[in-house]
Protein chains: 2
Amino acid sequence: MNIGEIARRAGVSRSTVSYALSGKRPVSEDTRRKIQRIVDELGYQPSASARALANGRTSTIGLVFPPAGNHYTGMQLDFIGSVVEAAAAHDYDVLLSPSGVDSDRSFQRLLGERRVDGAILMEIRLEDDRAEHLAALGFPSVAIGRTAHPEDGWYVALDHTALAAACVHHLADLGHRRVAFVNRPEQLLRTGYESAQRGLDGFTKAAAERGLTVRTYCCGDDAAAGQACLERILHDDPATTALVTLNEAALGGLYRGLAHAGRHVPRDFSVTGVVANRWAETVTPQLTAADVPAAEMGRLAVDLLVERLDHSDAPPRQHLLVPPISLRASTGPAGVPQT
Amino acid sequence: MNIGEIARRAGVSRSTVSYALSGKRPVSEDTRRKIQRIVDELGYQPSASARALANGRTSTIGLVFPPAGNHYTGMQLDFIGSVVEAAAAHDYDVLLSPSGVDSDRSFQRLLGERRVDGAILMEIRLEDDRAEHLAALGFPSVAIGRTAHPEDGWYVALDHTALAAACVHHLADLGHRRVAFVNRPEQLLRTGYESAQRGLDGFTKAAAERGLTVRTYCCGDDAAAGQACLERILHDDPATTALVTLNEAALGGLYRGLAHAGRHVPRDFSVTGVVANRWAETVTPQLTAADVPAAEMGRLAVDLLVERLDHSDAPPRQHLLVPPISLRASTGPAGVPQT
DNA sequence: ACTTCCACGCGAACCGGTTCGACAAGCCGG
DNA sequence: CCGGCTTGTCGAACCGGTTCGCGTGGAAGT
């Protein structure tokens, strides 16, 4: 079951078997066929560990994702799935690492023990010690999201600033004047989560530009928090007629809160935001939102990483995506505000 | 940065360094301290590939999950997360393999190239060629779900038969007489998906036992399919007053269909089923359902696999879980059927 | 017939760990 | 004073591949 056994049966040396299989040196057609036949018969496959040791490449990429403390979102799942599939298409396996911080044991294992050739980082923060650490080491990695200093790195990201602004303009165009912003949990915002930060930023700037009256909220990643958040919004300003959210998991709760308050969507109240389309279509009425192309982002991230692995001297490349707003059924013209 | 370098700096042999770090043979306190100091200074970590080659263990487990063709469900995500965390607690990494069938390339890589010490199989079918293949090879694995011949294998599973039956009894106790069953997509049922098959089975038997009039449906894994399915249900038998579903992803669509049809939940129509609690709490009104303990299952699966890896001769162990129905707000007594 | 060249294949070294057998030094009891 | 035992360390072999340099035999060239 090892290469020596194949060599013995074929009556050739181990190196010849290696060359026959890798094609890195010419081998006569006869011996190549003989070797191939034996390999097929025995179902021989070379050991990944031995190969990795010999040529220094593991054919594995690490996917660093946040620990379970945060609830997972549907977007993350689509993302993981597409990364694994795209990696398989390039003959890479995917090793999962549930890492928060750079000092994390699991993260150290990936790098220190050289288990992976490169890494994809999810859930980027504006100041991200993992990203900085990898960059300092020159370790091949691609970030999903932009840090505060993105120019020199490889990344695939959504332009959250532009997306939040697009939502604001959409609502303003419909005549809404008092709009709330429902962000991810406060803890994520404080620790500098890029989507939460840039989204808030884009929302605030665009709202100022359009002269809207706004309030911004942080909201836990679950339905109950969403419902509570909506109650606060209507309590703080009952004249609010629309909201923008980045918080998928709270969406159901927001809807529930609106139903409880007797606000009909979209007649009395408009809802929009940035959400994976699977979620946008699950709620009733379906959410008008900028659809997060999670699967495409996963694929792009793998493509970028593979390119970086193949050409270690290649200059950084980036993809900054701005998906359009899909018009569904949750927004409409502003009516007469209830007071 | 390799063990020879450490040995050189400490003025000892490579084997001494190895023993000092692993503790498999006694090393004098002096030399151990000297070696440890150098290791700490240099931040040395042994190469995973070399270690795996030498001792035949990769410290990695494979997680075989379905390819993206199927939509992922929230349950799967919780599951993956908990597996990764539980594995990390046992000092194992997790390698993802998006495999459907036994002949799959990615699956072959896991086994043939000996990338993993053991595997966890998700999305089990009653006749599962992957599970049989692994069993035939004696390869350490734990299934999430039961095949048709479960007695000799290691698994963690829900008792879908009992859960579906519990839903039926719950509805029957509330006085419902005409009940629909909304299953996973037909293609999954036909290919022998165990949750779809056993759930259908448990539903049918329990309904017969209670003398209910039932209809069973397959439904695509998305909101639009759920809505369409509900329309068919009311079209086929407008007197239907309740449904049981296993289909998380269709749930939002089912609710939407009910709203469109003017059926109020739970006054006019009761909904229950087997669903991860995160989803059950997202819809309005919150779903009375048997909550799938995905995170717990992931943890148990890893525990079982680690036990099997540590004691290769251990007899098979299983966990068959029957979570209780969480009473929320989506079921109520049967009213007068609308005709 | 004698070089020249090329195509093929071989042996050995190497990747970076682990592990086994052996050996030296120190201590003990007889 | 000598044999036996323990403790600590070393050298070498091994895991299963890849890769480099060299040797050989046959065909081609003059």
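Sequence lines set the chain letters: A, B, ... in the order given, protein chains first and strands last, and positions in each chain run from 1.
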What pair of heavy atoms forms the shortest contact from [X] to [Y], and how long is it?
X	Y	answer
B:Gln45	A:Gln108	OE1-O, 3.6 Å
B:Gly145	B:Glu194	CA-OE2, 3.2 Å
B:Thr147	B:Pro150	O-CD, 3.7 Å
B:Val84	B:Val94	CA-CG2, 3.9 Å
B:Ile80	B:Leu63	CG1-CD2, 4.0 Å
B:Arg299	B:Ser82	N-OG, 4.0 Å

### Query
Contact class for B:Ser13 vs. all strands (heavy atom < 4.0 Å): base, sugar-phosphate, or nothing?
base

#### Entry: Bounds of contact between DNA chain D and chain A, in 5' to 3' order, using a heavy-atom cut-off under 4.0 Å
D:dG16 to D:dG21

### Task
Using atom types as modelled and distance alone, determine if a side-chain donor or acceptor of B:Arg109 lies under 3.5 Å from a backbone N or O of A:Asp91.
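Yes, B:Arg109 side chain to A:Asp91 backbone: donor-acceptor pair under 3.5 Å.
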
### Message
Donor-acceptor pair, distance only, cut-off 3.5 Å: does the side chain of A:Thr58 make one with the backbone of A:Arg115?
### Response
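Yes, the answer is positive, given that a donor and an acceptor are paired below the 3.5 Å cut-off.
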
## Note on the structure
Only residue of B:Leu300, B:Val142, B:Asp310 satisfying side-chain contact (heavy atoms from CB on, under 4.5 Å) with B:Leu305 is B:Val142

### Query
DNA chain C: A:Thr31 or A:Arg14, which has the more 5' nearest nucleotide?
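Between the two, 5'-proximity favours A:Thr31.
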
### Query
Quick one: are A:Arg308 and A:Ser141 in side-chain contact, heavy atoms under 4.5 Å?
yes

### Message
Pick the closest DNA chain D nucleotide for B:Val12 and for A:Ser15 by heavy atoms, then say which residue is nearer the 5' end.
### Response
B:Val12

#### Entry: Residues in contact with DNA chain C, drawn from residues 16-25 of chain B - heavy-atom cutoff 4.0 Å
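Those residues whose heavy atoms fall under 4.0 Å from DNA chain C, taken from residues 16-25 of chain B in numerical order, are B:Ser18, B:Tyr19, B:Lys24, B:Arg25.
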
### Task
Strictly below 4.0 Å, heavy-atom distances to any atom of DNA chain C: list the hits from residues 41-57 of chain A, or just say none.
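Within residues 41-57 of chain A, the residues near DNA chain C are A:Leu53, A:Ala54.
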
### Query
Roughly how many Å is it from CG in A:Asp30 to P in C:dC8, rounded to a whole number?
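Answer to the nearest Å: 10 Å.
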
